[in-house]
Every structure is written in structure tokens, then in C-alpha cells.
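What follows is a short report on a single structure.
Letters A, B, ... are given to chains in the order of the sequence lines, protein chains preceding strands, and every chain is numbered from 1.
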2 protein chains.
Amino acid sequence: MEPLVAAGTQFMREVNAAAVLTRLRAEPSMSVSALAKAVGLSRQAVTRALNALAEEGLIEFGSLDRDSTRAGRPAQLVRFRAEAGHVLGVSISPQDLRVAVADLCGTVVASEAVQFGAHPSADEVVRTLLSTIERTLAAAGRTSLWFASIGTPGIVDPACGVIKLIPSMPGLTGDVLLNRLKEPLGCPIYLDNDVKLATQGERRPDAERREDSLVMLHWGERVGAGIVLNGELYRGASNDAGDIGFLDLFEDGGSPRSRHPHGLGPFEDRVGGEEIVRQATAAAGRAGDGEFLSRVEAAGERAFEAVLAAFADGTPAAVEAIDVVARRFAKGISVIRAILNPRLVVIGGPMARCGEPLLAALRRHLAGEPLDQPVLEVSALQQDAVVHGALLHSLDEIERTRFGLVRTPLSS
Amino acid sequence: MEPLVAAGTQFMREVNAAAVLTRLRAEPSMSVSALAKAVGLSRQAVTRALNALAEEGLIEFGSLDRDSTRAGRPAQLVRFRAEAGHVLGVSISPQDLRVAVADLCGTVVASEAVQFGAHPSADEVVRTLLSTIERTLAAAGRTSLWFASIGTPGIVDPACGVIKLIPSMPGLTGDVLLNRLKEPLGCPIYLDNDVKLATQGERRPDAERREDSLVMLHWGERVGAGIVLNGELYRGASNDAGDIGFLDLFEDGGSPRSRHPHGLGPFEDRVGGEEIVRQATAAAGRAGDGEFLSRVEAAGERAFEAVLAAFADGTPAAVEAIDVVARRFAKGISVIRAILNPRLVVIGGPMARCGEPLLAALRRHLAGEPLDQPVLEVSALQQDAVVHGALLHSLDEIERTRFGLVRTPLSS
DNA sequence: CAGATTAGTTCCGTACCATACATAATTATT
DNA sequence: AATAATTATGTATGGTACGGAACTAATCTG
């Protein structure tokens, strides 16, 4: 409800061009007359708009519609040129790097993933990123890049593109990433927390989006939530809404450990990767499963992944451990439910690999709750969730700034 | 971003009229030239828009600007006719009824409050409501009513104006209220839960509204929350977001009572009015304060209010009791903080009467939290919070439907 | 009282859209 | 095969809203 002003009649044309384009983007191709009928304008108004759009390269007049069985002069087909521009989605983590390029319809035209060695330096990350992006763009063909969205762990301020805190890759703190990518990419760059971007990727794509509400729970070594309400990401007053690692739900003093080991919050401490490993080894010790114990021991830093793999195999100690933390995690979900009442809760992050058995455990622990519980899912995209969310964010941004009504409004 | 279509040049005029009106509403009166400069249109365009608006009765050409010290022809002043229409705000509770009428600028021009006897019947409520509205409207003078918003306890579906569940006044269940008011009021009627309406009243009135986030915690016999995020009320997937009475934070089994007495949720059971009375009598028993005990006893159904009054007087047992529940309540706030990170938390409902001492207790219990905590306030409007929120909602609705850009768009 | 200054009004050209009519290309009918 | 019907496109005309320039109106200043 910004105070738009219709200064001059070209405003009208822009409104109509936006409407025509929006309608056309929903279809592979349409005739001018069909567009006019669908959009509610006269044919000639649509033609004018289409000419302007063709000038911009956003649409293309195709061949005649010879396939139609109907009588009469065949229609001139018009097509949205999805290849007129491309968007980039990037996911950065200490383990790997994922890059994808999509056209303006969201179709992924090229993607690549690169694994890092242990503890890559910031410079290595940036250089690998640049070369990977270059290769991916080359694979996508000669394209103009319109927007790039990048997800990283840690605390990010998307307004100025600055990484505030990133313990797993401290070298990326600040505007390093933005500065070194700005020139090579030559398009607006959006930086945000990976969980928040991934959450946007889980939104409903259809018309009901504005009504949608969902919470994505990243569950791994640490725990964090991305929150989408009324169809848009909610950030919170100081940009850390969804910091549920700091939920303090278990005051019964189950463990005598220090309050916040390694900077973990109370909830993470009771359901995160470290606790899962602890629970699993304890369970294995009770059951006398020396084979499993030594396997976890051998995994060293990757003990958590070893437990997850064992869970997939059905190893009893791992199953028992994950059931223990699932009970605690369910309590977190019930709290989120009471406050937010979301339609959907998606489990993402490493724990998503546990799949349906994990969901079953969570549902079991939630069964006694008095309120109706949200739909529970495991992220279908797994490791690609962040890249996917980043691509969708880029497309949203394009839609808002280039295809939307709010293109050249004069504000009062 | 609805697919608006500019069909015909009159669309342009409507957009411009809306812009002119929006600008004018921010000022007591303005000259045409000043408006043109402020809005970015030519003088003629503004004049045309003003003529149309004057036709509708929304503005008025006033006297010349004789106060101006500047040289030249004095300007013709234009004024927004706030008295062109009025809106109604109503609050219904089992104890009382509050009605207020405001003009289109939100200035309250008449209001009235009526106390009920114990347990009024639905018919009594409706009849009292009708006569009170009639008196209030009469006091406001000859006015046309544009919109009415009504807040009631219980579960309300605002989309269809139906009260789903209202244990304190079961006779109002269903569409009774809507049906009996529709004809006499002769304007759109909006029904919603009282806490949700009151919450909207606490939103920032300024331009930052779209960024604002706040939680209003109704704290009385029962506990519920209203949530405003990104400047708009958040309802949740099944319309019961903020049902924090059902938070289950205290699993240490402090009390051996049955799980959900009187339909109360676990959190309400540990911080609500009944528990406060229990704590207060227990404390008085320990301290041997027989005078206080008998005062509470004598209050009968109003024991909770007696304890609140005692707290205001500084009676030790009441202070002690409220400190106990404040500790528990603070835990609820910290959970809300971790998930939502709101800018502001407002305490409303009966407990708001405890004022600053209560806030001090809550802040004390929150001091140890690792995350920065939101601003804590007590509702300044107290019992008028719901009427105020209802008025604001009515005005918002008017702004959206009559003053906004989205007036007569053709949708595709 | 003349000139300066600011405000409001009138006229005209431009741009947009809608309606109506003419033309083009195809299918169905005779 | 010629003609009618159908559908899509292209072109002319009229109405309306905007902006700019020129003009009129009302006040102040010297």
C-alpha cells in the first residue's frame, strides 16, 4: 500500500505489461487473443505491451499455432523467454560447496557440487567458489546473470550482505564474500543464513503461498529453525528468530555438564549431534556392542555420521539413542506448535537422513499432546535444500523487482 | 502483487486519488500546490483528484490560508473530512461491555462501558449491546457507520464471523451475534478473539509498522497470546497460534493435580489466576496472615481479584505468590523469545494491573538468559485494550478497502 | 499603484485504452 | 472448387487522463 503515483500514462502501460507478463509466465505459450481474454485487456493493449516486452527481450513471437484443431486463422503464439536471464543459487558449508544456475522459469540448467578437504581456508573456499561458478555458468551457456543468492552457516545480515559470525569458517567473517564476488558476478548478490534460505525453498509454490506457514528445523550438531509465516520469511527483531538451540525445556537437570559447552544452547546440548553420540555409546556400552563402539571411536570427528549410518542399518544402540533425543525434540516441536501453530514442520540438516523412521518416532512422542499437531516431513531435497532455497529466493527477488507492479513507482 | 490491470485511464485517476488522499490524511490541511509537490503530480491532476474526492464527501475545500506570512495569493486549503464516516469498536466479556465510536482519523468521539451482573444470559448481552451501541452512536451525532469490529473471548472464526467456542458465554456460540447486529448496524461486521484484537492495538502506528513484531500475553485466569509479525496479526494454520496456555514447560511434576483441570492447559495451570490464589493462600498460611486469608475467602469467586488488590497494597503473601508465578511466566517469555525474537512483549489482561512491580519481577527472572530479551511492557490501555484494538482494526479495514490502491482492480 | 509572488485555471498536445470495422488465414459446407 | 463460417490480427476513431505552457486571480511590497 505504498503511496504509488500514476504520473503519466506510461505507468498504465507498465502495469499492463506486468500483468501480461505474469499471465504469460504461467503458460508455455499463448496467443495474443487468449492473453487478452485472460488478462481482461483489449487485444491492442496486449499487443502494445507485448511489443514493449519483446523490445526488452523478455518475450518472443513464435510460429503460428498449426496444431490447433479449431477453425479460423491460426493464432500467433507468444512465448516467455525464460532464457532471457539466469539466476544463481549457492550453498557454502565447511564440508562442501553447491552451485546451481536456473533460468527465469526456475528450471535448473546447470549445477555442480564440490567437496572440501578438512578445514578449508577462507581463501580456498572463495577461489573454489569462483572457479565452480565459472564452470557452472559456462555449462549453462552464454547467459546474463540477474541475481545470486548465497547461503552460509552462521549469523548473516542480509541487508548489507555481511557475515556477522561464522565459527566454522571464521575467515569468511565480514564482507569478504561480497567483495570478492561482486565484480566477477556483476549482479546483485544476496547473502543469508543457510537454514533461512532452505526454509524459503519449502514454501508452497502455488497461489496459497500467502497463507502458508511452516517451520524448518535444522537438526545436526547444532539446532536452528527457519520460520515462514504468512508466506514470507520471518527474521525477528534482532535477526535471530528461530534460535531454538537456546530453548531451555529440560530443567530437571539430567546431565551435570557445564551449562553451555562449545557455545551450544541448552536444547542443542540435549538433542544435537554430540548428545546423540554420547547416548549411542552409552547404549552400546550397556548392550555390550563393542563392534559398534569401536566403529564410532574410529570415525573420530565423524562419529555423528557413523551413528546416523548405524541408525540406517538398524543398529539397536543407534536406534535407542535417536529415540531418546527424538523424545526431547518432540517436546521442542510441541512448544513451537503451541506458539506458532504452523501448517508444516520440516526436518532438515544431517538428521533428515534418518527419514521416515525418525518421523515415526517423533509422531509417537507427540501422540499424547492435547493440541492437533502440524504435518511432519523430512526435507526431500536433503543436501540440495539450501541451493534450492537460494534459487527460489533469487527468482522471488527478480519477480519483485523486475516483473512486479512495483517497478518504477514515484514515492511521495 | 496481484495481477492488477489498468483498464482505461480512470484507473490512473483512482490510483492518484488514493495517493492524494493518503497524503492529505497525514496532515490537518494542505494547499493544492503543496499536495501536488508532496505527491509528485501536476497541479491539475491533483485538482481533478480532489474534485472527485470532494464529490464522494471525503474531502472539503476550506477557507484561504490567511495565517501564512508568505507573499502571493493565499492558498486554498483542503481538509480530509474525518467526519465523513465512523467506525465502531466493541469489547464483550462476561463482566462488561465496552463500545467506542471513532471518526476516520481514529479520534474517539463517543464511548460507553456497561457492567454486567453475574453470569448474564446471551439475550441480555445482545440487548444491552444493541442499546449501548445506539446510545453511543446517538452521542456521536448523526453519522454513517462504515465498519464495526467486535472482540469476544473464546475461539472465533473471523472469516465467517462465527464464534466457535465461548465457554464463559455459551449462548453466544455460532452466528447469533452477527445475525442480530447485521441489520441494526448496516455495515460490515468483523468478529474476532479479544486478545487478537487487543494485540493489533499495540502495533506501532508509524511507518515502521511493516517491520514490527510483538507478542501480547493475556494473563488472567487463562493465558493466551496474540502475535503480530511483520506488522500483521499471525493466526496460525488452524487459527490458534499463541495458544500458550498449552505450553508444557514444567515436567518436574511439582503438583500432583490432575493434568488438565477445567480444560486449562499445563502453562495456565501453573501461572493462571487459580494457581496464584493457591500460592497466595499457601504463603499466607505459612506466614500466619489470617486477615488476608479470610479476605480471600470472603471474595469467593473473586478471590483472584482480591489477591491482585493485595499485591497492589504490598501484602507479603500476595507479593510472594506473584513472584513464584512470575518466575514460571518468565520461562514462557524466554521460550517465546527463542522462537520469535519479538521486539516487544506486552502483558495484558487482569495481571496488567500489577504494573511495574510485576515487570520488575519478570525482568529479574529473565536476567540470566543467554539471549537478549525483548522490551517488556504492561498494556497501557488496560481494560480498554480490546476496544482500542477493535477500533484500529476497523480503521485498517477501511484503509485497505476504501482508501487503498486496491479498490477496483480487475483480476485475471 | 505598479511590480513581485504565489495560487489556481484553461488550453493543447501526447499517450493510453476501448470500440468498431476491415483484413487475413484457416475449416466446414455445398 | 467455390463459398460460407470462424477465428485471429491489423487499423481507424473517440474518450479520458496526464503534463506543460500560458493565463488569470489574489495578495504583499515598495
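Residue B:Thr9 places none of its side-chain N or O atoms closer than 4.0 Å to OP1 or OP2 of D:dA17. In terms of phosphate contacts, B:Asn16 brings a side-chain nitrogen or oxygen within less than 4.0 Å of OP1 or OP2 of D:dC18. OP1 or OP2 of D:dA8 has not a single side-chain nitrogen or oxygen of A:Arg43 nearer than 4.0 Å.
Note on B:Ser31: nothing from the nucleic acid sits closer than 4.0 angstrom, heavy atoms only.
Look at CG on B:Asn51: it is 16 Å from P on D:dT16, rounded to the nearest Å. Whole-Å rounding puts the B:Leu77 CG to C:dG8 C1' distance at 13 Å.
Within the 4.5 Å cutoff, the side chain of B:Leu233 has no heavy atoms near those of the B:Ile227 side chain.
Side-chain to base pairing of A:Arg73 with C:dA25: no donor and acceptor N or O lie closer than 3.5 Å to each other. Between the base of D:dA17 and the side chain of B:Arg48 there is no donor-acceptor pair shorter than 3.5 Å. Residue-to-nucleotide contacts include a donor-acceptor pair under 3.5 Å from the side chain of A:Gln44 to the base of C:dA18.
The aromatic rings of A:Phe147 and A:Tyr190 lie tilted to each other, with the angle between the two planes from 30° to 60°.
For the pair A:Val109 and A:His86, the tightest heavy-atom approach, listed with the atom from each and the gap, is CG2-CD2, 3.8 Å.
In this structure, of C:dC17, C:dG8, D:dA26, it is C:dG8 that holds the atom nearest to the side chain of B:Val32.
Each of B:Ala34 and A:Leu41 lies near DNA chain C, and the nucleotide nearest B:Ala34 is the one positioned closer to the 5' end.
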